[in-house]
Amino acid sequence: MATTNYKVLKEEKLMLGYFIGDVDLKMLFSSVETIRGDADYDARFSLLYDIRDAKFSIDLESIQAFVERLKNHNVFPLPGKRALLTKQPNQVAFAYLVREFGQSDTDSFEVFSSVSKALQFLGARLESLDSIEATLDGMKLEL
C-alpha cells in the first residue's frame with residue numbers, strides 16, 4: 001500500500017513531498033490536490049519530491065495524463081523548479097518521463113539522487129541541508 005506525506009517549509013520557500021510503497025496514478029492526483037488545498041501552499045515555492053521509497057506501477061499513457069492534468073488544472077500556475085529524488089531504476093524511469101512531459105519554457109523538472117544536488121538546483125540555502133534532510137527523515141517516520 002502506498003502512502004504520502006508533505007511539508008511546507010515557508011522559510012526556505014520549499015515544499016517537500018514524500019512517497020512510499022506502490023504508487024499509482026490515483027495517489028499522484030490525490031497528493032497534488034491535498035497539497036493545493038493546504039493553507040500554506042504557495043505556487044511560488046520550489047518543490048522537492050522524495051520518491052526513493054516508492055515503486056511506480058504507472059504506464060506511459062498514465063504519466064502523460066498526470067502531466068496534462070497538472071497543466072490543465074493550473075497546479076503550478078507560476079514558473080518554478082521541481083526536483084525528484086530517486087534511487088531505483090523504476091523511480092528514475094518514472095521521474096524522467098515526468099520530466100520529459102512536464103518540462104516547459106517556464107517549468108523545470110530535474111532528477112537527482114542526492115538531497116544536496118536537488119537543493120542546489122532549487123536554489124535553497126545549502127546551510128539548510130541538515131535541517132531539510134532531518135525533515136525528510138521525520139516525514140518517513142510519521143507514516
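All residue numbers in this chain count up from 1 along the given sequence.
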Trainee: Side-chain contact test, heavy atoms from C-beta onward, threshold under 4.5 Å: evaluate it for Leu85 versus Leu136 and give yes or no.
Mentor: yes
Trainee: Between Asn90 (side chain) and Phe56 (backbone), is there a donor-acceptor pair under 3.5 Å?
Mentor: yes
Trainee: Identify the two heavy atoms, one from Arg52 and one from Ser113, that lie closest to each other, and give their separation to 0.1 Å.
Mentor: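 Smallest heavy-atom distance, with atoms named: NH1-O, 4.4 Å.
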Trainee: Name the residue from Asp42, Leu48, Leu47 that meets the side-chain contact (heavy atoms from CB on, under 4.5 Å) definition with Phe45.
Mentor: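 Exactly one option meets the side-chain contact (heavy atoms from CB on, under 4.5 Å) with Phe45, and it is Asp42.
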Trainee: Which atom names give the shortest non-hydrogen contact between Ala54 and Gln91, and what distance separates them?
Mentor: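 Of all heavy-atom pairs spanning Ala54 and Gln91, the closest is O-NE2, 2.8 Å.
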Trainee: Grab the two heavy atoms, one from Tyr41 and one from Ile35, that are nearest each other, plus how far apart they are.
Mentor: CB-O, 3.3 Å
Trainee: Measure the acute angle between the ring planes of Phe19 and Tyr49, then classify it against the limits of 30° and 60° as parallel, tilted or perpendicular.
Mentor: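 Correct class here is tilted.
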Trainee: Do Val115 and Met139 belong together in a cluster built from hydrophobic side chains that touch within less than 4.5 Å?
Mentor: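 Cluster IDs for Val115 and Met139 match.
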Trainee: Under 3.5 Å, is there a donor-acceptor pair between the side chain of Lys10 and the main chain of Asp40?
Mentor: no
Trainee: Considering only heavy atoms from C-beta outward, does the side chain of Thr4 approach that of Met27 to under 4.5 Å?
Mentor: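 Contact flag for Thr4/Met27 side chains = yes.
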Trainee: Quick one, Arg125 with Leu119, criterion side chain to side chain contact (heavy atoms under 4.5 Å, CB included). Give me CA distance, side-chain angles, the key distance, then yes/no.
Mentor: CA-CA 7 Å; Arg125 296 176 304 131; Leu119 293 178; over 6 Å; no
Trainee: Just jot down the side-chain hydrogen bond (donor to acceptor under 3.5 Å, both in side chains) partners of Asp38, sequence neighbours excluded, or say none.
Mentor: Tyr6
Trainee: Ignoring hydrogens, what is the shortest heavy-atom contact between Leu126 and Ser116? Give both atom names and the distance.
Mentor: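 In this case the closest contact between Leu126 and Ser116 is CD2-O, 3.9 Å.
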Trainee: Please examine the side chains of Phe121 and Ser46, heavy atoms only from C-beta on, and report whether any two atoms are closer than 4.5 Å.
Mentor: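 Heavy-atom side-chain distance check fails, nothing below 4.5 Å.
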Trainee: Within the distance-only criterion (no hydrogens, no angle test), does the side chain of Ser114 pair as donor or acceptor with the backbone N or O of Lys117 below 3.5 angstrom?
Mentor: yes
Trainee: Test Tyr18 against every option in Asp53, Asp50, Thr3 by the side-chain hydrogen bond (donor to acceptor under 3.5 Å, both in side chains) rule and name the one that passes.
Mentor: Asp53
Trainee: Just to verify, what does Glu142 make a side-chain hydrogen bond (donor to acceptor under 3.5 Å, both in side chains) with, not counting sequence neighbours?
Mentor: Asn5, Lys7
